[in-house]
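In what follows, a structure is listed as structure tokens, so that the remarks can point back to it.
What you see is a predicted model; the values in this text were computed from it and never measured. Whatever order the structure lists them in is the order used to number ligands and atoms, beginning at 1.
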Amino acid sequence: MAKKILVTGAVGQIGSELVPALRKKYGAENVIATGHSTMPSDEFLKSGPFEIADITNVDTLRKIVEKYDIKIIYHLVSLLSAVGEQKPDIAWHINMQSLKNVLDIARDFKIEQVFWPSSIAAFGPDTPKNNTPNETILRPSTMYGVTKVAGELLCEYYNKKYGVDVRSIRYPGIISYKTLPGGGTTDYAVAIYFEAIKNKKYKCFVRKDTVLPMMYMPDCVKATLDLMAADNSKLKHRVFNLTAMSFSAEELAKEIKKHIPEFECTYEPDFRQKIADSWPKSIDDSAARNEWGWKPDYDIAKMTKDMLTEIKKKV
Ligand code: SER
């Protein structure tokens, strides 16, 4: 019998693409999607089981795990970095309470695997900026980053103490066209494409020389599925650095200009600049490459071509 998979935060940027990929791989009826604040599209609702659930409530989570006899959890619920700076108490509550609930339920119900995303936001101003190693200084300056470091430690604790098979990726900025990210610092790298198509101009909220690690959604989905399919005995880490490319905001604008010559990008940094400046420029993901064979398919050129083609179809 196929194992039942629960995806929390399924209506978010990553969930809305990970759920279809999981349904394709493991069967639609075996993937139970949950969301809370945003209702999914009709297409999403028709594609398989969906429950409205607040995962910060452990009883709600327990009922769903019991109802569907869940064996694997992808816990994607999270407030992102920029909104987290505006609502630090809510960010702490949502990010930490939901993860603690998932790990407690995983321990108590013998859940076989848990996936939980960490982020480049786990790093901070004291972290080496270039080719940042997997094991390094984790002293973030945002509440979002604090919840990611605390979450990583909690995952490792539940793994060591209770044997929960929890796996995590420090995602870089994720770029996609299907569902917009909400309230992150790397959102400019998504918005720029939409504005380029719609208005031929974009006012970017970070400086043009801001370099951050990034990844296109198909690589993000591939990495997530691959890590979860990896042989547990081969994993020396629970939390993995991951990257596909690094570019400055200006390099991204130039790449778009190759396709849309009239496109103009201006730069007006706001409070998110400080967050971006606290994160690495490039990432060493050799642990992921060595332990589970990670290799990205998309660079900035290939991604830009695909993003522009897909967004044109949408708008
Ligand atoms: N993309 C995220 C953010 O900007 C980083 O995890 O908040």
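At a heavy-atom cutoff of 4.0 Å, ligand 1 is contacted by the side chain of Trp279 but not by its backbone.
The aromatic rings of Phe115 and Tyr171 are tilted relative to each other, their planes meeting at an angle between 30° and 60°.
At least one side-chain heavy atom of Met215 sits under 4.5 Å from a side-chain heavy atom of Leu242.
For atom 6 (O) of ligand 1, the closest non-hydrogen atom of the protein is Ser119 OG, 2.6 Å. Counting only heavy atoms of the protein, atom 7 (O) of ligand 1 lies nearest to Ser81 OG, 2.6 Å. Atom 4 (O) of ligand 1 has as its closest protein heavy atom Thr185 N, 2.5 Å.
The number of heavy-atom neighbours closer than 6.0 Å to NZ of Lys129, taken from other residues, nucleotides and ligands shown, is above 12. For Lys200, the NZ atom counts as densely surrounded, since its 6.0 Å shell holds more than 12 non-hydrogen atoms of other residues, nucleotides or ligands.
Short contacts between ligand 1 and Leu80, defined as distances under 4.0 Å to a heavy atom of the residue, involve ligand atoms 7 (O). Those atoms of ligand 1 that come under 4.0 Å of a heavy atom in Tyr144, given as number and element, are 5 (C), 6 (O), 7 (O).
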(message) Apply side-chain contact (heavy atoms from CB on, under 4.5 Å) to residues Asn290 and Lys236 and explain how you reach the verdict.
(response) CA-CA 10 Å; Asn290 295 336; Lys236 294 187 201 82; over 6 Å; no
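Side-chain rings of Trp116 and Tyr74 stay apart, their centers remaining 6.0 Å or farther from each other.
The option with the heavy atom closest to atom 2 (C) of ligand 1, from among Val83, Thr142, Thr186, is Thr186.
In terms of N/O distances under 3.5 Å, ligand 1 is not approached by Asp187.
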